[in-house]
Undergrad: 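Dropping the structure in here first, questions after.
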Amino acid sequence: MTATKPVRDTALPSSISHYTTLEGFQGIVETQSIWASNASFLNDRTELEHALKASKRVISMFSSDKAQKVWSPLIKQVFKELLDGAKPDTYVTCFCKDDDNLSQWRGYSGDLQGINITFNRAKLEDRLKKEKAEFVEVVYSKHSTAAKFRTSLENEIRDIADLGKMIGELSEEERIEELRSRVSALLPRFKHIGFKDEREWRFAIQKTVEQKSLKFRISKHKRLTHNHLF
């Protein structure tokens, strides 16, 4: 399937800022790479749960009745798997359109000293092109309206609508894989409206990463997170 660029309400920022700790900054300089965290470890479990609920609502709103009837049992299965700890093939690195944002300093800069690295968005996007990274704006929502979803997720909604066309083309196993991939791609798009001051944008990469290529680190929530270098 050939994806087209989504139509956005807002212009793409010319520069984007990555907030991190001194240790994180050292790692970026030494490896000339940026960590991309698995979508199930973006912040805490509440963010994953919110993203799953929002993704499920998008699928239910924009799938045809015929597609929903066929896909409904598989949708329930995929969402349960992700909620129970299955790792999506989606990796995310986070940025902000502001270079001095209090919410970002508080959230991502550690307890002692933080660093803000500002990138030229177009150059970074070009560097990540080989990874087929998609630059997306986070949708902050509590009970988002259909109109808000439509304007923010036009490209993804088009893909969801296409589910109905594949009903007779795929085996059940292939349907599960296809659905898991599409749901995983939606997860980085949502955060609760309480975080709206972060004004976050993300590079999201859909990629199956071999276990030996994964890196692990302890987050501020005292848990291991799955990461990959890009």
Undergrad: Looking at side-chain heavy atoms only, is the closest gap between Leu52 and Leu82 below 4.5 Å?
TA: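 Yes - at least one pair of side-chain heavy atoms lies under 4.5 Å apart.
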Undergrad: For Arg121 and Pro13, indicate whether the former's side chain and the latter's backbone hold a donor-acceptor pair under 3.5 Å.
TA: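 Judged by distance alone, yes, a pair lies under 3.5 Å.
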Undergrad: Can you measure from CD1 (Ile34) to CZ (Arg127) and round to the nearest 0.5 angstrom?
TA: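 Taking CD1 in Ile34 and CZ in Arg127, the distance rounds to 7.5 Å.
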Undergrad: Output yes when a side-chain donor or acceptor of Asn101 lies under 3.5 Å from a complementary backbone atom of Asp197, and no otherwise.
TA: yes
Undergrad: How many angstroms lie between OG1 in Thr118 and CG in Asp100, if you round to the nearest 0.5 Å?
TA: 9.5 Å
Undergrad: Using side-chain hydrogen bond (donor to acceptor under 3.5 Å, both in side chains) as the criterion, list what pairs up with Lys76, not counting sequence neighbours.
TA: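 For Lys76 there are no side-chain hydrogen bond (donor to acceptor under 3.5 Å, both in side chains) partners, ignoring immediate neighbours.
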Undergrad: Go through the steps for Phe203 and Leu124 under the test side-chain contact (heavy atoms from CB on, under 4.5 Å), then give the verdict.
TA: CA-CA 10 Å; Phe203 277 106; Leu124 186 57; 3.7 Å; yes
Undergrad: Under the 3.5 angstrom rule, does the side chain of Glu198 hit a backbone N or O of Gln104 as a donor-acceptor pair?
TA: no
Undergrad: How many angstroms lie between atom CD of Glu125 and atom CD of Glu134, to the nearest 0.5 angstrom?
TA: 9.5 Å
Undergrad: Give, for atom CZ of Arg189 and atom CZ of Arg202, the distance between the pair rounded to the nearest 0.5 Å.
TA: 10.0 Å
Undergrad: Decide yes or no for Arg199 and Tyr140: does some side-chain heavy atom of the first lie under 4.5 Å from some side-chain heavy atom of the second?
TA: no
Undergrad: Answer yes or no: are there more than 12 heavy-atom neighbours, outside Gln77 itself, under 6.0 Å from its atom CD?
TA: yes
Undergrad: For Lys80, enumerate each residue passing the side-chain contact (heavy atoms from CB on, under 4.5 Å) test, keeping only those at least two apart in sequence or located in another chain.
TA: Asp84
Undergrad: Could you work out, with side-chain contact (heavy atoms from CB on, under 4.5 Å) as the rule, every residue matching His18, not counting sequence neighbours?
TA: Thr20, Ile28, Thr93, Phe95, Phe119
Undergrad: Going by the rule side-chain hydrogen bond (donor to acceptor under 3.5 Å, both in side chains), which residues pair with Arg180 if we only count those two or more places apart in sequence or in a different chain?
TA: Glu81, Glu177
Undergrad: Return the set of residues passing side-chain hydrogen bond (donor to acceptor under 3.5 Å, both in side chains) with Ser184 (not counting sequence neighbours), or none when no residue passes.
TA: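 In terms of side-chain hydrogen bond (donor to acceptor under 3.5 Å, both in side chains), with neighbours along the sequence ignored, Ser184 is linked to no residue.
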Undergrad: Please list, chain by chain and in numerical order, all residues satisfying side-chain hydrogen bond (donor to acceptor under 3.5 Å, both in side chains) with Asp99, sequence neighbours excluded.
TA: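 For Asp99 there are no side-chain hydrogen bond (donor to acceptor under 3.5 Å, both in side chains) partners, ignoring immediate neighbours.
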Undergrad: To the nearest 0.5 Å, tell me how far Ser15 OG sits from Lys97 NZ.
TA: 10.0 Å
Undergrad: Do you know the tightest heavy-atom contact between Ala133 and Ile205?
TA: CB-CG1, 3.6 Å
Undergrad: By ring-ring contact (aromatic ring centres under 6.0 Å, His included), which residues pair with Tyr19, not counting sequence neighbours?
TA: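 Residues passing ring-ring contact (aromatic ring centres under 6.0 Å, His included) with Tyr19: Trp105.
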Undergrad: Working to the nearest 0.5 angstrom, can you tell me the gap between Glu137 CD and Phe135 CZ?
TA: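 Interatomic distance, Glu137 CD to Phe135 CZ, rounded to 0.5 Å: 8.5 Å.
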Undergrad: State yes or no: do Leu102 and Ile16 share one hydrophobic cluster built from I, L, V, M, F, W and Y residues joined by side-chain heavy-atom distances below 4.5 Å, directly or via other members?
TA: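 The answer is no; the residues belong to distinct hydrophobic clusters.
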Undergrad: For Asn120, enumerate each residue passing the side-chain contact (heavy atoms from CB on, under 4.5 Å) test, keeping only those at least two apart in sequence or located in another chain.
TA: Ala122, Lys123
